[in-house]
Protein chains: 2
Amino acid sequence: MNKPCAQHAHPHRLVQQSLSDLTQKLRDGDRKITGPRQAILDVLRRHANPLTNKEIHAALGKEDCDLATIYRNMHTLESMGLVKRYDFGDGAARFELVEGETDHHHHHLVCRVCQTVVEVEGCFPAELESALATRHAFTEVSHRLEFFGVCPRCRTDAPTTA
Amino acid sequence: MNKPCAQHAHPHRLVQQSLSDLTQKLRDGDRKITGPRQAILDVLRRHANPLTNKEIHAALGKEDCDLATIYRNMHTLESMGLVKRYDFGDGAARFELVEGETDHHHHHLVCRVCQTVVEVEGCFPAELESALATRHAFTEVSHRLEFFGVCPRCRTDAPTTA
DNA sequence: CCACGTCCTGCAATCGGTTTGCAAATGGAA
DNA sequence: TTCCATTTGCAAACCGATTGCAGGACGTGG
């Protein structure tokens, strides 16, 4: 709901990695440097918030490519550790570029109304993981954490503003 | 993957609430006591772990009813606070009976292989919520947290055991 | 105990996100 | 430049979930 409000997100923060850094990683993984791949990575590089496949597709201008190609590539990029998949519970996967080798583990605070995403530093659950592993004899324990709320803009905006 | 292993879950723990407790809540909410509703609640009452719509449908024996009816009822029951919806990230919503008025906030530790679910007490992120609300000026902040790992049975079982 | 209005159900069509089969196009090593 | 594995585009299929509609059930009020 409140779709147009989605523009509130600040989509133009840059990511440290250059496009050539990224294509190099493709090479290292024995993947071909194709137009769609470069375009997808470039789109992700330009956006600070996690994007859905459809959003990526829409953001591709000249370098338009098939949606199926994006879906396939997101799997590829994810398995290569170039992007990270997030699930905000609205039925669409979202992807964010992984920040270099030392990806800093973080979570998100998502506005229930306009989907604006704020990165949340710190991760208490990480401390719980080892405890859980011991207590329940589970191995390879990881977790998924997402926060939701209403962002200041969506609280003050008149509904008609949209 | 490893579907048959799903039986590892101990599906027959009982829930405190009696079926009449539950139907009373339906009455209190001005909802009709129908066959499908009683059957669904009864199924949830018999299972300790969160169930998908399809699992609920399969668990209905004599009281078989349409899948769409289950979907609709899960929305109804959720909005009435009778059940809680969980998302383990596999694309299918899961539902658990809410334990009385004082639903104790908990999370889950889910086996990546057989989907066995262990309830996790305690909730560190809850402490973070107020801090986040202040720092980012968000309101109505909540969170979603799920743990994943490999349970002891799935670690030791020979793959052929299934 | 019955009639009636409203809520609920079954069925089938539909939807949105995602996946897949297949043939043509392309990257990049030889 | 040649060649083969990978990748792409297209279309169909998939899957969980939703919805329109007509018939059926619940339960209140008579």
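Sequence lines set the chain letters: A, B, ... in the order given, protein chains first and strands last, and positions in each chain run from 1.
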Q: Would you give the length of the straight line joining atom NE2 of His57(B) to atom CG of Leu67(B), rounded to the nearest 0.5 angstrom?
A: 4.5 Å

Q.
Measure CZ/Arg37(B) against C1'/dG10(C) and give the value in whole Å, please.
A. 15 Å

(Q) Please classify the nucleic acid contact of His75(A) as base, sugar-phosphate, or nothing, using heavy-atom distances under 4.0 Å. (A) sugar-phosphate

Q: Please state how far atom CG in Asn73(A) lies from atom P in dT7(D), giving the value in whole angstrom units.
A: 8 Å

Q: Could you state the atom-to-atom distance from CD of Gln38(A) to C1' of dT7(D) in whole Å?
A: 14 Å

Q | Short side-chain N/O contact to dT19(C) OP1/OP2 from Asn53(A), under 4.0 Å | A | no

Tell me which donor-acceptor pairs under 3.5 Å the side chains of residues 136-150 of chain B have, and how far apart each pair is, sequence neighbours excluded?
| from | atom 1 | to | atom 2 | distance (Å) |
| --- | --- | --- | --- | --- |
| Thr139(B) | OG1 | Arg155(A) | NE | 3.4 |
| Ser142(B) | OG | Arg112(A) | NH2 | 2.8 |
| His143(B) | ND1 | Glu129(B) | OE2 | 2.5 |
| His143(B) | NE2 | His105(B) | NE2 | 3.4 |
| His143(B) | NE2 | His107(B) | NE2 | 3.3 |
| Glu146(B) | OE2 | His108(B) | ND1 | 3.2 |

Q.
Tell me the interatomic distance from His57(A), atom NE2, to dG16(C), atom P, rounded to whole angstroms.
A. 16 Å

**Q.** Earlier contact from the 5' end, DNA chain D, for Pro36(A) and Ala92(B)
**A.** Pro36(A)

Q) Can any side-chain N or O of Thr69(B) pair as donor or acceptor with the backbone N or O of Cys65(B) at less than 3.5 Å? A) no

Q | Separation between CG of Leu26(A) and CD1 of Ile33(A), rounded to the nearest 0.5 Å | A | 4.5 Å

Q. Separation of Ile56(B) atom CD1 from dA17(D) atom C1', in whole Å?
A. 14 Å

Q | Pairs touching residues 27-39 of chain B that satisfy side chain to side chain donor-acceptor pair (under 3.5 Å), sequence neighbours left out | A | Gln24(B)-Arg27(B), Gln24(B)-Asp28(B), Arg37(B)-Asn73(B)

Q: Return the value, rounded to whole Å, for the distance between atom CG of Asp90(B) and atom C1' of dC14(D).
A: 16 Å

Q: Take atom CD1 of Ile70(A) and atom C1' of dG16(C), then tell me their distance rounded to the nearest Å.
A: 16 Å

(Q) For His106(A) and Glu99(A), which I'm curious about, is there any donor-acceptor pair between the side chains at under 3.5 Å? (A) no

Q) Base, backbone or nothing for each nucleotide of nucleotides 19-30 of chain D, written B, S, -, heavy atoms under 4.0 angstrom, 5' to 3'? A) BB----BBS---

Q) Rounding to a whole Å, what distance do you find between Ile40(B):CD1 and dG10(C):C1'? A) 13 Å

Q. Quick one: which of Val43(B), Leu51(B), Leu77(B), Val83(B) gives a side chain to side chain contact (heavy atoms under 4.5 Å, CB included) with Leu97(B)?
A. Val83(B)

